[in-house]
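See structure below.
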Amino acid sequence: MLYVIPTPIGNLEDITFRAIRLLKEVDLILAEDTRTSKKLLQHYEIDTPLKSHHAHNEHHSTPGLVNELQSDSKIALISDAGTPGISDPGFLLIRACIENGIKVECLPGATAFVPALVASGLPCDKFFFEGFLPHKKGRQTRLIYLSELPVTFVLYESPHRLIKCLTQLIEFCGEDRKVCVARELTKLHEEVSTDTLVNMIAHYKDRKVKGEIVMVVAGNK
Ligand code: SAM
């Protein structure tokens, strides 16, 4: 059995009772960065063995993990924060498990885009999740595609590219399109604001932007 277990995106209380119990019960926890995960595991007094499973080794390590799971091991997959598989490693192992008849259970839990989308005040009955845009090649093609979507769309962005991203969104979506910047969700300096793209640039342009960011952009009317 493979358990896919969401972990907090900031506030350590954002983890379920079942997640903690399973992290204690499994034979092995696969973590993206074992040093990052150790802090969470120590906080909840979880001493299950940890092994690293990240974007750079997942192709190589997946067959061995499938073998372990086939010999009745219970394994949990976590990422540094949020839900594995959402802009994080997970997909390859989950697909390999399904192809090999291994049961996969994903617990519901923390992920950054859901609170950003809901708190944005932009329509969330239908939405499109883009995650990270490519930095260079293919970026413009994605921006054209996104700008024409009739539904709200969600981007993950790093703070030092926020202004560049807002500027490009103006280019493709127009300065009056609504955007929500959700920064440092669940953390001490959480800031969620929704405004037009042009006003959002004015809000952020003279500030040193820090922390993690989700951008939620209104669809094309
Ligand atoms: N697996 C995660 C999830 O379920 O949301 C996403 C991991 S991805 C590598 C990291 C990105 O998620 C960050 O660059 C940021 O865009 C977003 N993110 C993660 N934590 C956040 C937070 N506390 N506040 C705002 N955005 C966050």
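Taken from OG1 in T36 to CG in D80, the straight-line distance is 4.5 Å, to the nearest 0.5 Å. To the nearest 0.5 Å, atom CZ of residue R142 and atom CD of residue Q168 are 14.0 Å apart. Between D47 atom CG and L41 atom CG the span is 9.5 Å, to the nearest 0.5 Å. To the nearest 0.5 Å, atoms CD (E175) and CG (L197) are separated by 9.0 Å. Distance CG/N199 to NZ/K178: 9.5 Å, rounded to 0.5 Å. One finds the CG atom of L77 at 13.5 Å from the OH atom of Y3 (value rounded to the nearest 0.5 Å).
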Open item on the list: Between L12 and K39, does the side-chain contact (heavy atoms from CB on, under 4.5 Å) criterion hold? Intermediate values first, please.
Closed with: CA-CA 10 Å; L12 287 185; K39 290 179 202 149; over 6 Å; no
Open item on the list: One pair to check against side-chain contact (heavy atoms from CB on, under 4.5 Å): L169 and L143. What are the steps and the verdict?
Closed with: CA-CA 7 Å; L169 283 168; L143 282 164; 3.9 Å; yes
Task: Worked verdict on V192 versus C180 for side-chain contact (heavy atoms from CB on, under 4.5 Å) - done: CA-CA 7 Å; V192 179; C180 169; 3.6 Å; yes
Task: side-chain contact (heavy atoms from CB on, under 4.5 Å) between K205 and L166, intermediate numbers included - done: CA-CA 10 Å; K205 83 170 184 327; L166 288 168; over 6 Å; no
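By the criterion of side-chain heavy atoms lying less than 4.5 angstrom apart, applied directly or through intervening Ile, Leu, Val, Met, Phe, Trp or Tyr residues, V217 is grouped together with L146 in one hydrophobic cluster.
Of the listed residues (L30, D88, I5, D33), just one forms a side-chain contact (heavy atoms from CB on, under 4.5 Å) with S79, and that residue is D88.
Classification of R139 and E171 as a salt-bridged pair fails, no side-chain N sitting under 4.0 Å from a carboxylate O.
R207 CZ: more than 12 foreign heavy atoms inside a 6.0 Å radius. Summarising the local packing, NZ of K210 is surrounded by 12 or fewer heavy atoms from other residues, nucleotides or ligands at distances under 6.0 Å. Atom CD of Q140 has 12 or fewer heavy atoms from other residues, nucleotides or ligands within 6.0 Å. Within 6.0 Å of atom CD in E99, more than 12 heavy atoms from other residues, nucleotides or ligands are found, so the atom counts as buried in its surroundings. Other residues, nucleotides and ligands contribute at most 12 non-hydrogen atoms within 6.0 Å of the NZ atom of K74.
The side-chain heavy atoms of I78 and S37, taken from C-beta on, include a pair separated by under 4.5 Å. The closest side-chain heavy-atom distance from Y156 to E212 is not below 4.5 Å. For the pair L65/K51, a side-chain contact is recorded, criterion being any heavy-atom separation below 4.5 Å from C-beta on. Side-chain atoms of V181 and V209, non-hydrogen and from C-beta on, never get closer than 4.5 Å to each other. The closest side-chain heavy-atom distance from C165 to L133 is below 4.5 Å. A 4.5 Å side-chain heavy-atom check between L23 and I15 finds at least one atom pair inside the cut-off. S158 places a side-chain heavy atom less than 4.5 Å from the side chain of R161. Looking only at side-chain heavy atoms (C-beta outward), H203 and D195 stay at 4.5 Å or farther from each other.
For T83 (side chain) and P6 (main-chain N/O), no donor-acceptor pair under 3.5 Å exists by modelled atom type. Judged by distance alone, the side chain of S120 and the main-chain N or O of L117 form a donor-acceptor pair under 3.5 Å. Distance alone, capped at 3.5 Å, is enough to place a donor-acceptor pair between the R177 side chain and the S147 backbone. No donor-acceptor pair under 3.5 Å is formed between the side chain of T152 and the backbone N or O of F127.
Closest approach of S52 to N57, counting heavy atoms only: O-ND2, 3.2 Å. The heavy-atom pair separating P108 from T16 by the smallest distance is O-CG2, 4.1 Å. Of all heavy-atom pairs spanning T111 and V114, the tightest one is CG2-CG2, 3.6 Å. Nearest heavy atom pair, residue T186 against residue N11, reads OG1-N, 3.0 Å. Nearest heavy-atom pair across D176 and T196 is O-CG2, 3.7 Å. In plain terms, the two heavy atoms of G211 and E184 that are nearest each other are CA-OE1, 3.2 Å.
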